[in-house]
Amino acid sequence: MKRLLAPAAALLLAASACTPTTDNTNTGAVNANANANANAAASPTPAGPTLADVEARERQLLDAIRAKNWDAFESLLADDFVLVSADGVQTRAQTLEGVRKYDLTEYTLSDVRFVRVDADLGVVTYTMNEKSSYDGRPTTRPTRASSAWAERGGRWVNVYHHETEVAEAPAAQASPTPAASPAATPSPAATPSPAASPAASPAAAPASATDAEKALWEAIRAKNADAFADFLLPESLEVEPEGVFDRAAAARMILTFDAASFTQTDFKETRLDADATLLTYAVRGPVGGKTVGQYHATIWTNRGGQWRAAFHQGSRPRQ
């Protein structure tokens, strides 16, 4: 669904939304983050859609765009569909208007990953190479794109889409190890343990997805990898311009990120199902030596009365 409204931009997790620093504060937490989030382990991931299910639906949507079958495309979008890119947060109506400027002739998907959020909600993320143009401008880079699909009224619809251009990791950055499996099975390093310290848990359980996101940012500012990991499901995924990362890698990244100068505004919640909420918001802070605006989205799910992040993606201005 690349460039539905304008050329997509690079993205990044809330935990790594700027040029990394060399500050290794709380490095003990890097090794300790494997012990974080004992609470999240108490509620197993529910049965539900599979990678094959959701990928097939995503291809159906892309094929509708390629065929310029706008009726078919529209039928696959939820009434409250949300699109996030470097240009902001867009509605279903804005997407339906913008997609008609998109000319897709060929596409291939690779590095396809999946997170099952709930029994009726799953997220697919992938890298897309294509021959296309938007409003006459040809595509120049591959895209990391993600879509959430939900079952509503007996049929599956796309409730959220997010995309960004692929970028190479800066030479000075020691990139974390990407998630090991396409199915996003948590690695041993990402699996929580009963040995989690009291400091790894939030002082008070957030009452909403917005409160949870704000508390997550406090953990990032404090470079507390244990507290940060405690907010994430073991199978959670983070998408960045440079790759796709599991929970353990995401927790390591906050130690290289100075979040003190970043602000978050314009929080908006969109209920995806009975337990899951899409939270979109704007971020402003220094990237590459200048202050820029960004757009982020997190899918939060309530497990046993506690909010846990299943997926995050962000978009920053084009390079």
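Heavy-atom basis, side chains included; hydrogens, waters and symmetry copies ignored.
- N302 is linked by a side-chain hydrogen bond (donor to acceptor under 3.5 Å, both in side chains) to nothing, counting only residues two or more places apart in sequence or in another chain.
- For E55, the salt bridge (charged side-chain N to carboxylate O under 4.0 Å, His left out) partners at least two apart in sequence or on another chain are R59.
- Listed by chain and residue number, T210, D211, E269 satisfy the side-chain contact (heavy atoms from CB on, under 4.5 Å) test with S208 (two or more places apart in sequence, or in another chain).
- Not counting sequence neighbours, the partners of D63 by the side-chain contact (heavy atoms from CB on, under 4.5 Å) test are R66, Y107.
- Here K268 pairs with nothing under the salt bridge (charged side-chain N to carboxylate O under 4.0 Å, His left out) rule; sequence neighbours left out.
- Scanning for side-chain hydrogen bond (donor to acceptor under 3.5 Å, both in side chains) contacts around D266 gives an empty result, with sequence neighbours left out.
- Listed by chain and number, the residues in a salt bridge (charged side-chain N to carboxylate O under 4.0 Å, His left out) with K131 are E106 (sequence neighbours excluded).
- L76 meets the side-chain contact (heavy atoms from CB on, under 4.5 Å) test with Q60, L61, W149; sequence neighbours excluded.
- Residues H312 and Y281 share a closest heavy-atom pair of CE1-OH, 3.6 Å.
- Under the rule for a side-chain hydrogen bond (donor to acceptor under 3.5 Å, both in side chains), the partners of S146 that lie at least two apart in sequence or sit in another chain are T125, Q313.
- Judged as a salt bridge (Lys or Arg N to Asp or Glu O under 4.0 Å), the pairs with a partner in residues 71-84 (not counting sequence neighbours) are, in order, E74-R92, D80-R152.
- Applying the side-chain contact (heavy atoms from CB on, under 4.5 Å) rule to D273 yields the partners D118, D120, L121, D275, A276; only residues at least two apart in sequence or on another chain are considered.
- With sequence neighbours left out, D53 forms a salt bridge (charged side-chain N to carboxylate O under 4.0 Å, His left out) with no residue at all.
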